[in-house]
Amino acid sequence: MSALRLAVRATTSTALTVVTLGTLVFLAGRALPSDPAALLLGEQASPAERAAVMHALRLDQPLHVQYAHFLGGLARLDFGDSLRKPGVSALSRALGALGPTAALALTAVAISTVLGVLLGLLVQGPWLGRGRAWLSAGIDVFAAVPLIAFAPLATYVLCLRLRWVPLPGDPEARLIGLLFASALLALPLGLQLSRFTRALLAGSERAQYLQVARSKGASETRTLLLHALPPMSGPLTVIVATQFGALLGGAAVLEKLFERRGLGTLLIEAYGARDLPVLEASVVLSGVLFAVVQGLGTLLQAALDPRVRA
Amino acid sequence: MKRWRLLPALALAALAVVGRACSGDATTLVPSRALGPPSWQHPLGFGEGGIDLLAAVGSGILGSLALAVFASAVGLVVGVLLGAFAGYRGGLAERALGRSLDTVQALPSFFVALALLTAVREPNRLHLALVFSATAWAPYARLAMAQTRVLRGAAFVEAARALGRSETSTVLVHVLPQLAPLATVQLGASAAAVVLGETGLSFLGFVALSGAPSLGRLLEQGVTTMLVAPHVLVAAAGAVLFTNAALLLATGGAGARAQ
């Protein structure tokens, strides 16, 4: 299908995801029996203070009016001011926290893509000989290791025991800290990606275009790198984009582990303080980030793979 | 199904029960022995406040397993039924379910869980179970729909209809048993994902502190005491790793795509 139709489709699905996520947060904050003002101010607040908060959050108006206002704000990406820091818009707080998280996530994507493709090639290619089976088994075992258990152990061993890497939470660590954290995040995703790469490459083993290349005298290396790998770029892009959701969740865990200030820590803070505008802004912004990456992945796949466009 | 696959999961559950029983209460605080190292009487040592780590890890594992099994079971029943009926009916039902599956699976489940948890003042295990069930049904529905679409044209289905069985009865009696193998594989992957999701949420501090600590909170303790008491981290991380592996192995889910 044409580029325009694809772009429209990608935009619609992005918008749908964002609106759904936003609606969920909206409903969770308002429609359920718990009293938001009490959650926010605590039990000791006076009725006047509670009324003020209810009015500020527009909670004294009927639900559909609130929702209409929320949707309008969503379109403009305006969630109101933060309740914890009056005068600072919720969106600006969320955007400020987005930087470190995006840096971590994008670096991790880069590392995991390289790692995944490399490992997949090594398993399928002729270079390792007998070792391929071991590598394959190792990948299968380690791909299932969860980040949340693995990252603290790796940090303990590498940073505190062996002292090879500085603790990423250390302000002096900067780039090395970012690289270490991204590498930890990239490991499970890269291993999963390598399994997909291996499956894709194995699937196209018997393809005619590869036979043609080999019969023209191309070495196995050349066949793999120049002829087998490029058609995989489309599906691989989609898979990487899909993994981004796991990245955002993992980034929150890593931010807590390494005490980096980012979207994850802002979310926790806003949740603890029941700062509804900031909570909404962070969740929606994460959803936007996630959906945009998915959309870009689809568009990139179409750009790389003419078979999808047809 | 190979019986030996269940062994790690059953061994895990047994160990957890035994550990919990032998070491008494996981919530007793004895500050004098806080963060004490492992010994023969207490193989895992002590955590913050002097809680016995063996008991704590045992209750944590049992709690996570119970939550995972509950959420996955609910997801399986709801998802398979929805998927099978939509796949059998075809047409509008199938398209509608497909679209809603796209939307549900496009949402990052971490944030869905977060969004839903903001509604509650003090989230506890039951809230978590409901929250995870809300997204757990999607993979099952997709599997069931795809498989039912294939089975729709099968001879035995046609025969059942010809013999006078109603649509509902045909799906329930003839189609569902065919879906069992696929659903079982997904069960392990699903349950493992729920365990990890719950651990992640409590690690980040979204679950109430009442009662025995969950694996996530133990992991958090381990991280904060990494320098002085590494055994806490090793115990908690090891528990999470082993639970995850046992669940994936139990149903051969390691080969399947996790949620």
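Lettering follows sequence order; numbering is per chain, from 1.
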> Considering residues at least two apart in sequence or located in another chain, which fulfil the side-chain hydrogen bond (donor to acceptor under 3.5 Å, both in side chains) criterion with A/Thr101?
Replying inline: A/Glu255
>> Would you say that B/Leu204 contacts A/Leu267 through its side chain, given a criterion of any heavy-atom pair below 4.5 Å between the two side chains?
In response: no
>> Non-hydrogen contacts under 4.5 angstrom with chain A: give the residues of residues 226-234 of chain B involved, or none if there are none.
In response: B/Met226, B/Leu227, B/Pro230, B/Leu233, B/Val234
> So which part of A/Leu279 gets closer than 4.5 Å to some heavy atom of chain B, the side chain, the backbone, both or neither?
Replying inline: side chain
>> Restricting to non-hydrogen atoms, name the atom on A/Ile148 and the atom on B/Gly200 that form the minimum distance, rounded to 0.1 Å.
In response: CD1-CA, 3.4 Å
>> Please classify the contact between A/Leu160 and chain B as side chain, backbone, both or neither, with a heavy-atom cut-off of under 4.5 Å.
In response: side chain
>> Please enumerate all residues that pass side-chain contact (heavy atoms from CB on, under 4.5 Å) together with A/Leu187, with sequence neighbours excluded.
In response: A/Leu115, A/Phe150
>> So which atom in B/Val240 and which in A/Pro146 form the shortest heavy-atom distance, rounded to 0.1 Å?
In response: CG1-CG, 4.3 Å
>> Looking at every non-hydrogen atom in both residues, tell me the closest pair between A/Ala144 and B/Leu248 and how far apart they are.
In response: CB-CD1, 3.5 Å
>> Restricting to side-chain contact (heavy atoms from CB on, under 4.5 Å), what partner residues turn up for B/Arg142, sequence neighbours left out?
In response: B/Leu101, B/Asp102, B/Gln105
